Amino acid sequence: MRLVLGAGFAAILERHLEAATPADLLVWSLTGMTQIDPELTVHRLAGRVQLRLGDRTLLARDVPTRSEGESFAAAGGAAADRLTLFQQAGWGASVTLRAAGASGLIKHSFEAIFSHLDPFSRYITPEEAQAARERRTGEAGLGLRLAPGRGSGTVIAAITQGGPASEAGLIVGDRVLAIDGVALRPRDAAGAAGLLEGAAGSDVVLLVERNRRRREVTLRRVLPPGRPVTAERVDDVLIIRVPSFTAHTERQVAAALLGAISQGAPKAVLLDLRGNRGGLLSQAAAVSDIFLGAGEAFRTLGRHPEASRIYITGGPDLAAGLPMVVLVDGRTASSAEIVAATLSDRRRAAVVGTSTTGKGLVQLVVPLPDGGELLMSWSRLIMPNGWPLQGVGVVPGLCTDGGPVAAAQALGRLRQGDRPMGEAQSRQQALRHPVDPAEAEALRAACPPGEMPEADLAVARALALDPAAEAMALPP
């Protein structure tokens with residue numbers, strides 16, 4: 001337990017977006033113990049902290065500090081050592097704490113720390129991390145998922161119908177003894193999942209046993225299934241729907257756009273990001289690059305030097321300047337928000353819909369010695385014009401929150417040279433970190449997050465086909 005906490009503390013001290021001290025980590029993690037057993041209390045006075053059970057002091061110690069030049073690993077380890085002493089004291093006095101076990105103490109310690117830092121960082125248990133790794137590997141490319149088996153090898157725990165494993169006749173319960181000639185160790189599903197990884201189109205050979213009969217099966221890896229990008233023409237407007245940002249999104253969007261243009265250029269493009277919860281950060285830059293020339297897409301800023309990066313677009317615009325509108329709603333988040341904000345800031349596309357989620361922090365995965373992981377926020381997203389995305393989201397130039405009639409009226413005002421959302425857009429563009437929460441809330445209230453119904457697509461198409469009105473929907 002000490003090794004897990006020490007590794008986690010070191011990562012937080014060095015890399016988390018918000019600065020914390022070893023003393024902070026100790027005191028905050030101790031409050032995690034009080035969440036398990038409310039009879040426990042933590043008291044911090046000057047440079048000393050106490051753990052009490054009722055009126056009885058279980059332990060009191062000076063808070064740890066990080067001396068100049070001391071490594072983060074050493075400082076994190078020292079804080080973990082101090083925490084271990086308090087945990088031992090609490091363990092001996094609290095039946096409730098003992099019932100939670102070491103895993104419960106680790107989980108509550110990290111949860112308590114992150115509750116003081118940001119809303120997106122979290123601790124992932126070894127079991128959750130293992131399941132996620134298995135889903136990312138075997139199930140994605142081969143249509144199967146492995147689980148630990150008794151004795152040698154692993155067993156197939158799930159089969160995706162229509163996938164390579166299903167087509168080869170494999171079934172749930174088959175034992176996999178070796179992958180590409182590498183014998184599998186007992187109960188090592190994670191190691192087996194790693195051997196299954198490989199490029200799409202490459203082959204992998206499994207030694208499989210069923211009813212004590214062994215055979216070799218060759219499977220060809222395929223692209224992960226997932227929800228693909230789709231495209232259709234309505235009133236000669238190309239609507240490209242992007243449900244999420246995976247490793248293949250940029251390729252799929254480009255193919256949809258170029259395929260449509262090859263059959264005769266549409267009059268305008270609608271990029272539908274409604275309900276898109278985000279995904280790969282690199283794909284946000286790549287998809288933006290499809291529609292932009294050279295320039296900045298967005299940047300990330302954090303305390304750690306590696307957390308601060310500038311993402312650029314190099315062009316050319318594959319849509320060749322076709323009028324463009326981006327559709328968003330209250331479920332649009334993360335990478336999808338970035339694309340909408342980048343295209344709007346760069347004056348390439350107007351945004352139609354409602355305010356978006358406002359998820360503007362980037363997470364880093366930190367492996368821990370117990371097999372668990374920290375999903376830790378380590379940088380914030382800054383849009384091309386300098387405003388931070390976190391907590392604010394994207395303010396649309398044409399708000400559909402009031403329904404089709406109100407949206408049509410807003411379109412009419414844009415056509416008359418008026419900007420219904422102009423003030424809110426200007427205030428958003430002027431934001432700089434740190435953002436006053438009251439100001440962020442006021443901006444979001446100008447067009448509250450919600451769902452954009454299909455009926456409002458007609459207004460979006462009409463805006464895309466009216467260059468003058470679309471220009472008025474861009475940020476002033």
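Worth saying up front: this structure is predicted, and the values here are computed from it rather than measured. Note: hydrogens, waters and symmetry copies are ignored here, and every other heavy atom, side chains too, is used.
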### Message
For a quick test of reading the model, state the closest non-hydrogen atom pair linking Leu17 to Gly302 and the distance between them.
### Response
CD1-CA, 3.9 Å
### Message
Between Gln50 (side chain only) and Val42 (backbone N and O only), is there a donor and an acceptor less than 3.5 Å apart?
### Response
no
### Task
Start with the C-alpha gap between Leu97 and Gln87, add the side-chain angles, then the distance that decides, and say whether side chain to side chain contact (heavy atoms under 4.5 Å, CB included) holds.
CA-CA 9 Å; Leu97 212 61; Gln87 289 174 333; 5.9 Å; no
### Query
In terms of heavy-atom contacts, does CD1 of Ile312 have more than 12 from other residues, nucleotides or ligands at under 6.0 Å?
no
### Message
Can you pull out every side-chain hydrogen bond (donor to acceptor under 3.5 Å, both in side chains) where at least one residue sits in residues 357-372? Sequence neighbours excluded, please.
### Response
Tyr123-Asp370, Arg277-Thr357, Lys359-Gln363, Gln363-Ser377
### Query
Between Arg444 and Val392, is there a donor-acceptor pair closer than 3.5 Å when you use the side chain of the first and the backbone of the second?
yes
### Query
Looking at Asn385 and Arg432, what are the two nearest heavy atoms and their distance?
O-NH2, 3.1 Å
### Under the side-chain hydrogen bond (donor to acceptor under 3.5 Å, both in side chains) test, residues paired with Glu454 that sit two or more places apart
Arg274
#### Entry: Backbone of Asp118 reached by a side-chain donor or acceptor of Ser121 within 3.5 Å
no
### Query
Do Phe245 and Leu273 touch side chain to side chain, with heavy atoms closer than 4.5 Å?
yes
### Query
Mind checking whether Leu257 and Ile240 have side chains closer than 4.5 Å, heavy atoms only?
yes
### Task
May I ask you to check whether Asp24 and Thr21 show a side-chain donor-acceptor distance below 3.5 Å?
yes
### Task
Output the distance between atom OG1 (Thr354) and atom CG (Leu327), rounded to the nearest 0.5 Å.
11.0 Å
### Query
Has Arg213 got more than 12 heavy atoms of other residues, nucleotides or ligands less than 6.0 Å from its CZ?
no
### Task
Verify side chain to side chain contact (heavy atoms under 4.5 Å, CB included) between Thr84 and Met1, making sure each step is shown before the conclusion.
CA-CA 8 Å; Thr84 300; Met1 185 164 61; 5.7 Å; no
### Query
Are Arg212 and Glu209 within salt-bridge range, i.e. N to O under 4.0 Å?
no
### Message
Please enumerate all residues that pass side-chain hydrogen bond (donor to acceptor under 3.5 Å, both in side chains) together with Thr342, with sequence neighbours excluded.
### Response
none
### Message
Assess, by modelled atom type and distance only, whether the side chains of Thr218 and Asp203 contain a donor and an acceptor separated by less than 3.5 Å.
### Response
no
### Query
Where do Arg303 and Arg15 come nearest, in terms of heavy atoms and distance?
NH2-N, 3.9 Å
### Message
Could you check whether Arg122 makes a cation-pi contact with Phe110, meaning its NZ or CZ is under 6.0 Å from the centre of the six-membered ring and within 45° of the ring axis?
### Response
no
## Note on the structure
Sorted by chain and residue number, the side-chain hydrogen bond (donor to acceptor under 3.5 Å, both in side chains) partners of Thr34 (sequence neighbours excluded) come out as none
### Query
Is there a side-chain contact between Val394 and Ser355 (heavy atoms, below 4.5 Å)?
no
### Task
Show your working on side chain to side chain contact (heavy atoms under 4.5 Å, CB included) between Leu374 and Ile124 and close with a plain yes or no.
CA-CA 6 Å; Leu374 294 185; Ile124 302 173; over 6 Å; no
### Query
Got Val63 and Arg61 here, is their nearest side-chain heavy-atom distance under 4.5 Å?
no
### Message
As a quick check of understanding, evaluate side chain to side chain contact (heavy atoms under 4.5 Å, CB included) for Leu83 and Phe9, giving each step before the final call.
### Response
CA-CA 11 Å; Leu83 174 61; Phe9 286 1; 3.7 Å; yes
### Message
With rounding to the nearest 0.5 angstrom, report the OG to CG distance, Ser244 to Asn276.
### Response
6.0 Å
### Message
Test your reading of the model: is there a side-chain donor-acceptor pair from Arg215 to the backbone of Leu206, 3.5 Å cut-off?
### Response
no
### Query
Between atom CD of Glu216 and atom CG of Leu177, what is the distance when rounded to the nearest 0.5 Å?
10.5 Å
### Message
Minimum heavy-atom separation for Ala11 and Val366, please, with both atom names.
### Response
CB-CG1, 3.9 Å
### Query
When rounded to the nearest 0.5 angstrom, what is the spacing between CD in Gln390 and CG in Leu431?
12.5 Å
### Thr31 side chain vs Ala112 backbone, donor-acceptor pair below 3.5 Å
no
### Query
Are any non-hydrogen side-chain atoms of Ile338 and Leu281 less than 4.5 angstrom apart?
yes
### Task
Over all heavy atoms of both residues, which pair between Gly279 and Ser334 is shortest? Give the atoms and the distance, please.
N-OG, 4.5 Å
### Task
Locate the shortest heavy-atom distance separating Thr246 from Thr249; write the atom from each residue and the value.
N-OG1, 2.8 Å
### Query
Can you check whether Pro367's main-chain N or O pairs, donor with acceptor, with Glu373's side chain at less than 3.5 Å?
no
### Query
Are the side chain of Ser29 and the backbone N or O of Leu26 linked by a donor-acceptor pair below 3.5 Å?
yes
### Query
Would you say Glu128's side chain and Thr125's backbone share a donor-acceptor pair under 3.5 angstrom?
yes
### Summary
Contacts of Glu337 meeting side-chain hydrogen bond (donor to acceptor under 3.5 Å, both in side chains) (sequence neighbours excluded), chain-then-number -> Thr356
#### Entry: pair Leu142-Val204: side-chain heavy atoms closer than 4.5 Å
yes
### Message
Is it the case that over 12 heavy atoms from other parts of the model lie below 6.0 angstrom from the CD atom of Glu39?
### Response
no
### Query
For Arg44, does the CZ atom sit with more than 12 other heavy atoms under 6.0 Å from it, leaving out its own atoms?
yes
### Query
Hey, what do you get for CD1 (Ile106) to CZ (Arg2), rounding to the nearest 0.5 Å?
12.5 Å
### Query
Run the side chain to side chain donor-acceptor pair (under 3.5 Å) check on Asp329 and Thr332 step by step: do they pass?
CA-CA 5 Å; Asp329 63 12; Thr332 304; 3.2 Å; yes
### Query
Ser94 side chain to Trp91 main-chain N or O, any donor-acceptor pair under 3.5 Å?
no
### Query
Can you find a heavy atom in the side chain of Asp272 that is under 4.5 Å from one in the side chain of Val326?
no
### Task
For residues 310-321, pull every pair meeting side-chain hydrogen bond (donor to acceptor under 3.5 Å, both in side chains), keeping only residues two or more places apart or in separate chains.
Thr313-Arg346, Asp317-Arg348
### Query
Does any N or O in the side chain of Arg347 come within less than 3.5 Å of the main-chain N or O of Ser344, such that one atom is a donor and the other an acceptor?
no
### Query
For the atom pair CD1 (Ile113) and CG (Leu117), what is the distance rounded to the nearest 0.5 Å?
7.5 Å
### Side-chain heavy-atom pair Leu170, Ile159 within 4.5 angstrom cut-off
yes
